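Protein chains get the first letters and strands the later ones, always in sequence-line order, with residue 1 at the start of each. Since the structure is predicted, the reported quantities are computational estimates derived from the model, not experimental observations. The figures here come from the full heavy-atom set of this structure, side chains too, leaving out hydrogens, waters and symmetry mates.
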Protein chains: 2
Amino acid sequence: MEQLDKIDTKILRILQKDAKKTTKEIATMLNLTISPVYERIRRLESMGFIKQYVAILDKKLINRQVTTICQVSMRYHNEAFIEKFEQEIQNLDEVQECYHMAGQVDFLLKINVASLDEYHDFVKYKLSKIDNIGVLNSTFVLKEIKHTSEFYI
Amino acid sequence: MEQLDKIDTKILRILQKDAKKTTKEIATMLNLTISPVYERIRRLESMGFIKQYVAILDKKLINRQVTTICQVSMRYHNEAFIEKFEQEIQNLDEVQECYHMAGQVDFLLKINVASLDEYHDFVKYKLSKIDNIGVLNSTFVLKEIKHTSEFYI
DNA sequence: CATTACGCAGTAAATATTCCTGCACAATCC
DNA sequence: GGATTGTGCAGGAATATTTACTGCGTAATG
């Protein structure tokens, strides 16, 4: 697993914060030339350490300012129902994250919508249409304290 | 707010999925030349619709495969304590997301660590060191069903 | 009908990416 | 110890992309 040396780690830290940094800029930061930095980035990509490069949008500006956490439990816990649920969730664009959890509830979902009205419609017409949902408990985000895509490495 | 037309929206959708797409590629997809696409992207950046470009890493490969959801409630709900908590959280690198919630618990945190051992240390030596924490309830992610940085637009 | 404004096409210069060659150093094997 | 192999880095050339600028056409405005 530890196929990453200090230079690789530094490159990953930089690209997690700003994927638009040029090879030259990174090379300067690390006191290297373009060649090794370029080769290392290609290697980190092909080995899968870097999964993708994405643009992060401002959710207020694009009108997705309401974030909710929704905890869901199944009525019956058999494989078919769970698989069905997991598949249906993939198609719900409002759901940004969904985790199968240990403990009291089965699933935890993070959902972004434009308004409470829209959330109402989402629950009524989309989420609760999925079969076999037992408990469904929504809580609302008052304020986003921290939100990053970075991992600490 | 609706300063975004259909072309802008399409550009944002593309860049949310792949920020490495060249202006030329996007222009081809939208049946335009490079110029308007280039200008629109710069505009979307300067107006703040695009906040940043980041590399998304594979958390298993970089050894951050354990994700936990931690729900925290304050003992006393005064402004000073809450502000202190919010500040301290910023410095905890393991915390990827933190929300101030409506409802039963005050805060919901998403935390990534290498192992249960490391999570134990995180709670014991970092999180619980923050003053005025009342309830602290951790649940573990068994499986990530869905996780994207995309917003539905 | 004239004028302004806006978005797009096209182009040229600057910059970045990509690929290749060769060198230096470390590890490995006689 | 010396020769050999391999790995990572420097440097440079070719290609691609970004960036900035000019001009045109159409829609909006007076």
Side-chain angles (χ1 to χ4, degrees), chain A residues 1-64 148-153, chain B residues 1-64 148-153:
Chain A
M1 156 59 210
E2 263 322 313
Q3 341 182 29
L4 298 181
D5 63 12
K6 288 210 166 186
I7 297 175
D8 289 325
T9 304
K10 283 178 184 172
I11 290 174
L12 290 179
R13 274 202 278 263
I14 292 168
L15 290 177
Q16 277 196 113
K17 288 185 196 299
D18 179 9
K20 283 292 184 202
K21 276 234 160 28
T22 64
T23 313
K24 196 186 195 177
E25 288 176 308
I26 297 171
T28 304
M29 292 169 77
L30 305 183
N31 275 92
L32 284 168
T33 57
I34 292 174
S35 299
V37 175
Y38 174 75
E39 287 162 11
R40 281 167 179 273
I41 292 175
R42 285 303 89 80
R43 182 169 155 274
L44 290 168
E45 288 169 0
S46 65
M47 295 185 76
F49 286 96
I50 297 173
K51 284 204 295 186
Q52 55 173 352
Y53 297 94
V54 302
I56 304 291
L57 308 190
D58 184 308
K59 67 177 163 192
K60 287 193 178 153
L61 288 181
I62 59 165
N63 204 30
R64 288 290 172 275
T148 176
S149 55
E150 281 179 63
F151 293 102
Y152 175 53
I153 54 174
Chain B
M1 156 58 210
E2 263 323 313
Q3 342 182 28
L4 297 182
D5 63 11
K6 288 210 167 186
I7 297 175
D8 289 327
T9 304
K10 284 178 184 172
I11 290 173
L12 291 179
R13 275 202 279 261
I14 292 167
L15 291 177
Q16 278 197 112
K17 288 186 196 299
D18 180 9
K20 282 292 184 201
K21 276 233 159 30
T22 63
T23 314
K24 195 186 197 178
E25 288 175 307
I26 298 171
T28 304
M29 292 169 77
L30 305 183
N31 275 93
L32 284 168
T33 57
I34 292 174
S35 299
V37 175
Y38 174 76
E39 286 163 10
R40 281 168 180 271
I41 292 174
R42 285 301 91 80
R43 183 170 154 274
L44 291 167
E45 288 169 0
S46 67
M47 295 185 76
F49 286 95
I50 297 173
K51 284 202 296 184
Q52 56 174 352
Y53 298 94
V54 302
I56 304 292
L57 308 189
D58 184 308
K59 67 177 161 190
K60 288 194 179 152
L61 287 183
I62 59 165
N63 203 31
R64 287 291 173 276
T148 175
S149 55
E150 281 179 61
F151 293 103
Y152 176 53
I153 54 174

Discussion item. Would you compute the distance between atom CG of A/L12 and atom CG of A/D8 and round it to the nearest 0.5 angstrom?
Written reply: 6.5 Å
Tabulated below should be each protein N or O lying under 3.5 Å from an N or O of nucleotides 11-15 of chain D; please produce it.
{"residue": "D/dG11", "atom": "N7", "partner": "A/S35", "partner atom": "OG", "Å": "3.2"}
{"residue": "D/dG11", "atom": "O6", "partner": "A/S35", "partner atom": "OG", "Å": "2.4"}

Worksheet, complete the sentence: To the nearest angstrom, the CD1-P distance between A/I11 and D/dG8 comes to 12 Å
Item to complete: Would you mind reading off the distance between B/N31 atom CG and C/dC8 atom C1', rounded to a whole angstrom?
Response: 13 Å
Item to complete: Taking all non-hydrogen atoms of both residues into account, name the closest pair between B/A19 and A/A55 and its distance.
Response: CB-N, 3.8 Å
Discussion item. Rounding to an integer number of Å, can you tell me how far A/Q3 CD sits from D/dT7 C1'?
Written reply: 16 Å
Practice prompt. Send over the distance from B/D8 CG to C/dC6 P, rounded to a whole Å.
Written response: 15 Å
Worksheet item: Does A/E39 come within less than 4.0 Å of A/R42, counting only side-chain N to carboxylate O?
Response: no
Worksheet item: In whole angstrom, what separates A/E25's CD from C/dT15's P?
Response: 12 Å
Item to complete: Specify the residue among B/R42 and A/I7 whose closest nucleotide of DNA chain D lies further upstream toward the 5′ end.
Response: A/I7
Worksheet, complete the sentence: Among the nucleotides D/dC9, D/dT18, C/dT17, whichever has the atom closest to the side chain of B/T22 is D/dT18
Practice prompt. For B/Q3 and B/F49, work out which heavy atoms get closest and say how close.
Written response: NE2-CZ, 4.2 Å
Fill in: Rounded interatomic separation in angstrom, taking OH from B/Y38 and P from C/dT11
19 Å
Worksheet entry | Residue pair B/V54 / A/K17: nearest heavy atoms and the distance that separates them | CG1-O, 4.1 Å
Discussion item. Salt bridge check, A/R40 against A/D5: does any charged N sit closer than 4.0 Å to a carboxylate O?
Written reply: yes
Discussion item. So if I take every side-chain heavy atom of A/R40 and compare against C/dA9, C/dT17, D/dG8, which nucleotide ends up nearest?
Written reply: D/dG8
Discussion item. Rounded to whole Å, please give me the gap between CG in A/D5 and C1' in D/dT7.
Written reply: 12 Å
Item to complete: Look at all strands and tell whether A/L30 reaches a base, only sugar-phosphate, or nothing, counting heavy atoms closer than 4.0 Å.
Response: nothing
Worksheet item: With sugar-phosphate meaning primed atoms plus P, OP1 and OP2, does A/I41 contact a base, only sugar-phosphate, or nothing at under 4.0 Å between heavy atoms?
Response: nothing
Fill in: Separation of C/dG7 P from B/L32 CG (nearest whole Å)
13 Å
Discussion item. Can you confirm if the NZ or CZ of A/K20 lies within 45° of the ring axis of B/Y53 and under 6.0 Å from the centre of its six-membered ring?
Written reply: yes
